[in-house]
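Because the structure is predicted, anything quoted here is derived from the model rather than measured.
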Amino acid sequence: MDNNIHVALAVYDPKGTYSQHAGVTVTSIFENTKSKVTVHILHDDTLTDLNRERFLNTAKRYGQTIDLINVEEYKNKISDETANVTKHWTIGTLYRLFIPEILTWLDKVIYLDCDIVVNLDIAELWNIDLGDNAIGAVGGDGYEPDSLHERLRWKFNKCQAQFSFNAGVLIMNLKKIRELGNFFTIAVQWLNRHLHTADYTDQDALNSIFKDSVTFIDHKFNYAPKMDQVKNECLSNSIVHFCNILKPWHEFSGTKFEQVYWKAFFKSEWISSCNGGGGG
């Protein structure tokens, strides 16, 4: 394995607007990280030539590496076993499940959702020791379901809510994950069995599959407060995840929280899209 930090993102972009947010995530990584980083972007044929060029220009500008991997071949492998899943959720949700199969030369990778701004040196996350666990993630904070539906959902999913994790930021021990077999098939089979209780799709699958093989990491690596919990001082030295509030690109209210996104956006190759071409 080389000395690079390896990060993986998944991009499904039928409207041509989603790449902007992945671009902001990548820009924020390169802005704040001193080490060499390779970002592997799993995409399909919905990635436009213009957005492809923007990703490559981003890497060139920072002297870093972006590896664009077309998963169309894997997408076409999706057969009847995943039909029930894709009826309920976008196919792009499944792309991160291909990571162990696609990045065969890697034993470890950081996975990030694309509604994220990395506001720290990502080497700090990369250097966390998982021991013999398959996953490193933020969670395990004693969450208790407040409704019968939620309590039953976690019970049927065969995992405990108080030890659950958010799958938007993951350190993946790929070597350990591959010991299970074909991870994509395992996860999809789980989803097909739990269609009515997997409210968070593959996040629920990951929580169930790795409930006994997760290392819980500091909350700053997946800082996702609700709007009424935002504290400006928490935004520095953190990975900011816009999963509990209205996305910054959906509504501009001028809060310090969303300004983290726009600061990275204005340093990205997608600045030229702010008149509407890229979803901003």
Side-chain angles (χ1 to χ4, degrees), residues 4-33 35-48 50-62 64-72 74-75 90-103 106 108-120 122-123 125-126 135-138 166-172 174 177 183-184 201-203 206 221-222 224 239-243 247-249 260-261 264-265 267-270 278-279:
N4 282 18
I5 295 169
H6 290 271
V7 180
L9 281 69
V11 172
Y12 172 63
D13 198 6
K15 296 181 180 179
T17 59
Y18 192 74
S19 294
Q20 170 186 303
H21 314 311
V24 168
T25 302
V26 172
T27 299
S28 70
I29 295 170
F30 293 164
E31 273 284 325
N32 291 290
T33 303
S35 308
K36 285 294 184 182
V37 182
T38 297
V39 178
H40 307 273
I41 299 179
L42 279 58
H43 68 89
D44 56 22
D45 288 346
T46 62
L47 181 67
T48 65
L50 175 59
N51 283 323
R52 171 184 290 272
E53 182 181 359
R54 285 168 170 164
F55 281 123
L56 296 177
N57 286 344
T58 300
K60 183 177 181 180
R61 182 154 56 91
Y62 287 97
Q64 299 284 19
T65 303
I66 286 182
D67 177 24
L68 294 168
I69 303 173
N70 193 323
V71 299
E72 201 72 33
Y74 294 86
K75 178 180 172 182
T90 172
I91 197 171
T93 302
L94 303 177
Y95 289 174
R96 65 175 160 186
L97 302 178
F98 289 131
I99 289 174
E101 184 178 356
I102 292 177
L103 302 180
L106 296 180
K108 176 183 177 182
V109 73
I110 293 170
Y111 168 81
L112 298 177
D113 278 352
C114 293
D115 56 347
I116 276 175
V117 173
V118 176
N119 219 15
L120 49 69
I122 206 164
L125 177 61
W126 178 257
I135 293 289
V138 168
N166 181 284
V169 177
L170 297 173
I171 311 169
M172 302 178 71
L174 298 178
I177 293 171
F183 180 59
F184 174 78
T201 60
D202 53 334
Q203 176 169 288
L206 291 166
F221 293 114
N222 192 346
I239 294 178
V240 182
H241 191 181
F242 301 98
C243 62
K247 309 295 186 186
W249 52 91
V260 172
Y261 175 86
F265 169 77
K267 293 180 179 179
S268 79
E269 293 289 318
W270 280 259

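Contact record, Arg96 with Ala167: NH1-O, 2.6 Å, taken as the closest heavy-atom pair. Looking at every heavy atom in both residues, Phe55 comes nearest to Ala22 through CZ-CB, 3.9 Å. Here the closest heavy-atom approach between residue Ala264 and residue Val24 is recorded as CB-CG1, 3.6 Å. The minimum heavy-atom distance between Asn4 and Val37, with the atom names listed, is ND2-C, 4.4 Å. Scanning all heavy atoms of the two residues, the minimum distance from Glu31 to Lys267 falls at OE1-NZ, 3.4 Å. Heavy-atom minimum distance, Asn32 versus Leu120: CB-O, 3.3 Å.
Side chains of Asn57 and Arg54: no donor on one and acceptor on the other come within 3.5 Å. Side-chain atoms of Thr93 and Asp202 form no donor-acceptor pair, as typed in the model, at a separation below 3.5 Å.
Residues Phe184 and Pro100 fail the side-chain proximity criterion, which asks for heavy atoms closer than 4.5 Å. Gln20 has its side chain out of reach of Asn51: every pair of non-hydrogen atoms, C-beta onward, lies at least 4.5 Å apart. At a threshold of 4.5 Å between non-hydrogen side-chain atoms, the residues Thr27 and Thr58 count as touching. No side-chain heavy atom of His6 sits under 4.5 Å from any side-chain heavy atom of Lys108. Counting heavy atoms from C-beta on, the side chains of Asn166 and Gln203 come closer than 4.5 Å. A 4.5 Å side-chain heavy-atom check between Val138 and Val169 finds every atom pair outside the cut-off. A 4.5 Å side-chain heavy-atom check between Leu112 and Leu170 finds every atom pair outside the cut-off. The shortest distance between side-chain heavy atoms of Leu56 and Leu68 falls below 4.5 Å.
Atom SG of Cys114 and atom NE2 of His241 lie 9.5 Å apart (nearest 0.5 Å). Here the CD1 atom belonging to Ile29 is positioned 8.0 Å from the CD1 atom belonging to Ile239, to the nearest 0.5 angstrom. Rounded to the nearest 0.5 angstrom, His40 NE2 and Ile110 CD1 are separated by 10.5 Å.
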Q: Evaluate side-chain contact (heavy atoms from CB on, under 4.5 Å) for His21 paired with Asp115, printing each intermediate quantity in order.
A: CA-CA 6 Å; His21 314 311; Asp115 56 347; over 6 Å; no
Q) Would Tyr95 and His43 count as a side-chain hydrogen bond (donor to acceptor under 3.5 Å, both in side chains) if you check the C-alpha gap in whole Å, the side-chain angles of each, and the deciding distance to 0.1 Å? A) CA-CA 8 Å; Tyr95 289 174; His43 68 89; over 6 Å; no
**Q.** Full working for ring pair (Phe, Tyr, Trp, His ring centres under 6.0 Å) between Tyr18 and Trp249
**A.** CA-CA 11 Å; Tyr18 192 74; Trp249 52 91; 8.2 Å; no
Q: Before giving the answer on side-chain contact (heavy atoms from CB on, under 4.5 Å), spell out for Ile135 and Ile177 the whole-Å C-alpha distance, their side-chain angles and the decisive distance to 0.1 Å.
A: CA-CA 8 Å; Ile135 293 289; Ile177 293 171; 4.1 Å; yes
**Q.** Stepwise side-chain contact (heavy atoms from CB on, under 4.5 Å) check, Ile69 with Leu103
**A.** CA-CA 10 Å; Ile69 303 173; Leu103 302 180; 3.7 Å; yes
(Q) Using side-chain contact (heavy atoms from CB on, under 4.5 Å), reason through Ile116 and Thr25 one step at a time and then give a plain yes or no. (A) CA-CA 6 Å; Ile116 276 175; Thr25 302; 4.2 Å; yes
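Under the side chain to side chain donor-acceptor pair (under 3.5 Å) criterion, Ser35 pairs with no residue at all, not counting sequence neighbours. Residues forming a salt bridge (charged side-chain N to carboxylate O under 4.0 Å, His left out) with Glu53 (at least two apart in sequence, or on another chain): none. Shown here are the side chain to side chain donor-acceptor pair (under 3.5 Å) partners of Arg52, two or more places apart in sequence or in another chain: there are none. For Phe221, the ring pair (Phe, Tyr, Trp, His ring centres under 6.0 Å) criterion is met by no residue, not counting sequence neighbours. The side chain to side chain donor-acceptor pair (under 3.5 Å) search around Thr46 returns Asp44, not counting sequence neighbours. Looking at residues two or more places apart in sequence or on another chain, you find a side chain to side chain donor-acceptor pair (under 3.5 Å) between Tyr111 and Asp113.
A donor-acceptor contact shorter than 3.5 Å is absent between the side chain of Thr17 and the backbone of Asp13. Of the possible polar contacts, none joining the Gln64 side chain to the Ala59 backbone as a donor-acceptor pair under 3.5 Å is found. A donor-acceptor pair is defined here as one N or O able to donate and one able to accept, closer than 3.5 Å; such a pair exists between the side chain of Thr33 and the backbone of Ile122. No donor-acceptor pair closer than 3.5 Å links the side chain of Ser28 to the backbone N or O of Asn119. The backbone N or O of Phe242 lies less than 3.5 Å from a partner atom in the side chain of Lys247, making a donor-acceptor pair.
Classified by interplanar angle (parallel below 30°, tilted 30° to 60°, perpendicular above 60°), the ring pair Phe30/Tyr62 is tilted.
For the pairing with Leu42, the side-chain contact (heavy atoms from CB on, under 4.5 Å) check across Ile99, Asp67, Val11 returns one residue only, Ile99.
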